[in-house]
Amino acid sequence: EIVFQPDGKVAGIRHRWTFDPMISAAFTQGLDANGDGRFSPDELKDLARENTESLAEHGYYTQLKTNGAKQEFDAPRDPAMAHEKDSLVLSFFLPLKSPASAGKALALEVFDPAFFVAFALAPGDDAARLAGAPKGCVATVTRPKPAEATGGKNLSESFFEALTAASAYGAQFANRVIVACP
């Protein structure tokens with residue numbers, strides 16, 4: 001969710017990430033403190049904080065550009081985690097250091113430059129929302145081509161071992177939200 005202030009400037013990004021069942025099971029080992037077979041938000045609060053804080057070294061896997069200028073993020077706020085069905089859901093607000101005008105073009109990308117962490121937007125056209133956007137702003141969601149379509153299946157293990165965040169190989173797998181405002 002791209003969050004706008006009342007003055008029409010972008011305040012930040014509200015993320016909601018659902019982890020796959022295998023990672024969720026690994027993360028929750030030993031966290032059911034009261035032994036009731038469920039994970040309460042209280043039992044998950046430290047995990048939410050730790051997961052959110054650890055994203056800093058990766059730039060939160062989030063890039064936001066307004067009129068081509070990359071925006072800087074402040075520390076995340078409001079980390080929370082819930083257990084839904086068999087998956088953990090992490091949510092947090094990622095504020096901009098300085099609220100920015102959406103201008104005529106705003107681009108949000110979520111991806112891992114080193115291609116270690118896979119991201120996928122929720123299905124459907126409403127995978128990204130605009131909260132409090134000025135009248136007339138519209139969001140268009142684009143998803144990456146599958147890895148098989150990019151020739152990735154022919155790459156060796158040594159290729160992936162040599163990848164760093166600076167290589168930006170993962171950019172071709174970015175999930176993008178393009179916002180146009182009048």
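Note that the structure is a prediction, hence the values are computed from the model and not measured.
Between the CG atom of D78 and the CZ atom of F93 there is a distance of 8.0 Å, given to the nearest 0.5 Å. One finds the OG1 atom of T52 at 13.0 Å from the CZ atom of R77 (value rounded to the nearest 0.5 Å). To the nearest 0.5 Å, atoms CG (N67) and NZ (K104) are separated by 9.0 Å. Rounding to the nearest 0.5 angstrom, the gap separating the NZ atom in K45 from the OG atom in S40 is 9.0 Å. Here CD of E1 is found 11.5 Å from CG of L108. Values are rounded to the nearest 0.5 Å. Between K9 atom NZ and T66 atom OG1 the span is 10.5 Å, to the nearest 0.5 Å.
Looking at every heavy atom in both residues, S24 comes nearest to L88 through OG-N, 2.8 Å. Of all heavy-atom pairs between P95 and P76, the closest is CD-CA, 4.1 Å. Across all non-hydrogen atoms, the minimal contact from P182 to C137 is CD-N, 3.9 Å. For the residue pair C181 and G103, the shortest heavy atom distance occurs at CB-O, 3.7 Å. The nearest pair of heavy atoms linking V177 to A128 is CG2-CB, 3.5 Å. The nearest pair of heavy atoms linking S87 to D20 is OG-C, 4.1 Å.
If you chain together hydrophobic residues whose side chains sit under 4.5 Å apart, Y61 and I2 fall into the same group. Using a 4.5 Å cut-off between side-chain heavy atoms of Ile, Leu, Val, Met, Phe, Trp and Tyr, with links allowed through other members, V10 and V3 fall into different hydrophobic clusters. Residues V179 and V141 fall within the same hydrophobic cluster, defined by Ile, Leu, Val, Met, Phe, Trp and Tyr side chains chained together at heavy-atom separations under 4.5 Å. Under the 4.5 Å side-chain heavy-atom criterion for grouping Ile, Leu, Val, Met, Phe, Trp and Tyr, L47 is connected to F39 within one hydrophobic cluster. Hydrophobic clustering (side-chain heavy atoms under 4.5 Å, transitive across Ile, Leu, Val, Met, Phe, Trp, Tyr) keeps V89 apart from I23.
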Open item on the list: As a quick check of understanding, evaluate salt bridge (Lys or Arg N to Asp or Glu O under 4.0 Å) for E84 and R16, giving each step before the final call.
Closed with: CA-CA 12 Å; E84 298 176 5; R16 186 178 192 284; 2.8 Å; yes

Open item on the list: Go through it in stages, so that I can follow the logic: the residues are H15 and T62, the test is side chain to side chain donor-acceptor pair (under 3.5 Å), and I'd like the CA-CA distance, side-chain angles, deciding distance and then a yes or no.
Closed with: CA-CA 10 Å; H15 279 295; T62 304; 2.8 Å; yes

- [ ] Starting from the C-alpha separation in whole Å, work towards a yes-or-no answer on side chain to side chain contact (heavy atoms under 4.5 Å, CB included) for N51 and W17.
- [x] CA-CA 11 Å; N51 272 268; W17 294 351; over 6 Å; no

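Between R176 and E109, at least one side-chain N (NZ, or NE/NH1/NH2) sits under 4.0 Å from a carboxylate O, which counts as a salt bridge.
In terms of modelled atom types and a separation under 3.5 Å, the side chain of E43 and the main chain of N34 share a donor-acceptor contact. Side-chain atoms of Q5 never come within 3.5 Å of backbone atoms of A11 as a donor-acceptor pair (strictly under, hydrogens ignored).
The one candidate from L55, V110, I13 that meets the side-chain contact (heavy atoms from CB on, under 4.5 Å) condition with Y60 is L55.
Relative orientation of the F27 and F19 rings is perpendicular, given thresholds of 30° and 60° on the angle between their planes.
You'll find the side chain of E72 stays beyond 4.5 Å of the side chain of L96, heavy atoms only.
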